[in-house]
There are 2 protein chains.
Amino acid sequence: MQDDASNHNPPELEDKSVLASICASNNTTSMTSRVYAQMKQDIISGRLEPNIKLKIESLRKEYNVGTSPIREALSLLTSDYFVERIDQRGFRVSNVSSDGFDELLRTRCWLEERALSESIARGNGQWEEKVVIANYRLSRIPRSESKNHFVANEQWEIAHKKFHMTLISECGSPFLLKFCDQLYEQNIRYRQLAGSSAYPQRDVAEEHSSICDAVLSRNKDLAARLLIDHYNKTSYFVKSELVK
Amino acid sequence: MQDDASNHNPPELEDKSVLASICASNNTTSMTSRVYAQMKQDIISGRLEPNIKLKIESLRKEYNVGTSPIREALSLLTSDYFVERIDQRGFRVSNVSSDGFDELLRTRCWLEERALSESIARGNGQWEEKVVIANYRLSRIPRSESKNHFVANEQWEIAHKKFHMTLISECGSPFLLKFCDQLYEQNIRYRQLAGSSAYPQRDVAEEHSSICDAVLSRNKDLAARLLIDHYNKTSYFVKSELVK
DNA sequence: AAAACAATAAAAACCGATATATTTAACTTT
DNA sequence: AAAGTTAAATATATCGGTTTTTATTGTTTT
């Protein structure tokens with residue numbers, strides 16, 4: 001199965017500094033990939049607001065590219081559920097709704113419960129270590145860049161995703177991983193749109209560690225339950241913002 | 001009012017009579033959609049063989065369109081796991097493998113088990129009737145067009161998908177439905193590629209009816225078990241062809 | 001005034017040509 | 001001969017303009 005078009009940084013590259021610099025300098029990614037990544041980010045961040053019309057000509061100017069990369073990127077975003085398309089009358093940013101979020105949460109729980117279960121069943125010692133290290137790294141990064149008011153920390157966002165994806169990485173199904181990935185990104189969008197007041201007062205790091213512990217003790221049911229609780233708690237804040 | 005004489009009519013537009021009126025009313029499909037549907041079919045049927053390179057220029061000639069619709073269709077097929085893309089070096093048909101099929105089957109069982117369960121929990125009387133009618137219609141259509149040797153029956157294929165999608169239709173998650181749909185199409189591809197010898201000797205209609213009965217009696221566990229058995233049995237034939 | 005129609009404006013879809021990158025082949029150099 | 005280098009051929013990616021379709025506006029008719 002193919003990875004995300006924008007994802008060119010598998011962890012095993014980190015040690016090969018030579019290759020890294022070559023890739024970085026050549027920067028041989030296509031316009032399409034660049035526009036895709038940027039537009040995705042713009043939708044997730046809310047800069048491109050839900051439900052607005054995406055006019056090719058405007059996007060062309062905005063991203064300084066021709067029509068082809070724009071249209072291709074939009075096609076890809078369509079399959080990621082960030083953009084909707086109607087034949088002959090263009091594209092628009094997917095809408096968000098309270099019901100949509102409910103569905104997202106529900107589906108995420110179903111899929112990740114299974115994925116985590118299977119991952120625990122199949123994962124070996126190496127996987128356990130990856131989980132431990134992902135949890136540790138996440139714990140060292142502050143959730144917000146400011147202590148007083150919430151300012152999203154990009155580094156935390158990356159580490160958080162890494163942790164959750166590592167948990168389920170050994171489920172034995174690239175398909176399922178891809179689905180979970182797509183839903184995870186949808187969830188980030190809702191979190192971002194909900195804004196700063198969704199900043200949790202509770203100890204999220206503690207929740208992550210509990211999940212980690214359950215995983216290491218190979219307790220499938222407990223781990224799955226903790227994970228689902230974790231998602232439900234986080235969602236509570238997002239939802240309270242959304243209904244306003 | 002400059003009416004040009006340069007009128008290149010695509011001949012494939014004139015062959016429909018019943019559908020023509022429906023299409024004419026509102027549904028004017030784009031080139032992209034048409035090419036997308038056709039290429040998808042060509043990959044599923046095996047006319048476009050697994051792993052072959054998809055050269056834009058060849059496809060252009062083959063489907064009689066410009067580059068834009070081709071590239072857009074390919075982008076869409078990428079998200080359906082039928083086509084793979086590598087930046088700056090084009091597209092190719094996704095490969096198939098025994099392991100890939102195992103993964104597919106596994107994932108399908110996980111997702112459909114959950115979807116069916118939820119559907120039984122949420123579905124109302126109207127849904128039950130839809131299931132009954134889908135099963136009935138399927139039962140009236142022969143699996144093969146010939147009685148002696150297997151000739152795929154397009155009508156059966158449609159009714160079969162309809163039955164299985166109806167079963168899970170009330171799961172309460174469009175996301176999950178979409179995932180199941182994508183996996184179902186992947187499965188059709190494997191079935192087609194496996195060829196005629198995967199023609200089952202067993203009574204498939206009976207299996208469908210058993211699932212139907214379990215659904216109507218709202219027996220989640222039984223229904224899910226029967227569904228998974230059904231998939232496993234069908235897969236046995238496909239797999240026996242695949243290893244050759 | 002509401003509906004039907006026509007003319008205009010706007011936007012999407014599409015094409016063909018050009019620019020950019022990759023692969024292949026031929027030709028050195030070690 | 002293997003490895004490296006360069007040049008030609010091939011294919012991808014991209015652009016900007018043209019055609020087709022949809023949306024808007026204004027006018028006529030009922």
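These figures come from a predicted structure and were not determined experimentally. All chains are named by letter (A, B, ...) in the order of the sequence lines, taking the proteins before the strands, and each is independently numbered beginning at 1.
- Listed by first and then second residue, the salt bridge (charged side-chain N to carboxylate O under 4.0 Å, His left out) pairs that reach into residues 69-79 of chain A are A:R71-B:E72, A:E72-B:R71, A:E72-B:R85, sequence neighbours excluded.
- Spacing between atom CG of B:L76 and atom C1' of C:dA13 amounts to 14 Å, rounded to whole angstrom units.
- Applying the ring-ring contact (aromatic ring centres under 6.0 Å, His included) definition to pairs two or more places apart or across chains, none involves residues 41-62 of chain A.
- B:Y81 and A:F175 have perpendicular rings, their planes meeting at more than 60° on a 0 to 90° scale where under 30° would count as parallel.
- The ring-ring contact (aromatic ring centres under 6.0 Å, His included) analysis of residues 47-69 of chain A, with sequence neighbours excluded, yields no pairs.
- A:R71 has a side-chain polar atom (N or O) that falls below the 4.0 Å cut-off from OP1 or OP2 of C:dA13.
- Rounded to an integer number of Å, the gap from CZ of B:R85 to P of D:dT12 is 11 Å.
- Not one side-chain nitrogen or oxygen of B:T67 sits closer than 4.0 Å to the OP1 or OP2 atom of C:dC14.
- When rounded to the nearest whole Å, the span between CD1 of B:I86 and C1' of C:dT22 equals 12 Å.
- If you take CD of B:E57 and P of D:dT12, they are 9 Å apart, rounded to a whole angstrom.
- Following rounding to the nearest Å, A:Y36 (OH) and D:dA13 (C1') show an atom-to-atom distance of 18 Å.
- Dense packing is recorded around NZ of B:K161, with more than 12 heavy atoms of other residues, nucleotides or ligands lying under 6.0 Å away.
- Nucleotide D:dC15 holds its C1' atom 16 Å from the NZ atom of A:K61, rounded to whole Å.
- Screening residues 91-107 of chain A for salt bridge (charged side-chain N to carboxylate O under 4.0 Å, His left out) gives A:D102-A:K239 as the qualifying pairs, with residues at least two apart or on separate chains.
- If you measure from atom CD of B:E72 to atom P of D:dT14, you get 13 Å, rounded to the nearest angstrom.
- B:S30 comes within 4.0 angstrom of sugar-phosphate atoms only, judged by non-hydrogen atoms across all strands, and of no base.
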Using atom names, set out every protein N or O paired with an N or O of nucleotides 9-11 of chain D below 3.5 Å, distance rounded to 0.1 Å.
from: D:dA11; atom 1: OP1; to: B:K55; atom 2: NZ; distance (Å): 3.0

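- A close approach under 4.0 Å does occur between a side-chain nitrogen or oxygen of B:R60 and OP1 or OP2 of C:dG16.
- Sorted by first then second residue, the ring-ring contact (aromatic ring centres under 6.0 Å, His included) pairs that include residues 151-173 of chain A, not counting sequence neighbours, are A:W156-A:H160, A:H160-A:H164, A:H160-A:H208, A:F163-A:H208, A:H164-A:H208, A:H164-A:H230, A:H164-A:Y231.
- Straight-line distance from the CG atom of A:D87 to the C1' atom of D:dT22: 13 Å, rounded to whole Å.
- Projected onto DNA chain D by closest heavy-atom contact, A:N64 and A:Q88 fall at different nucleotides, the more 5' of which corresponds to A:N64.
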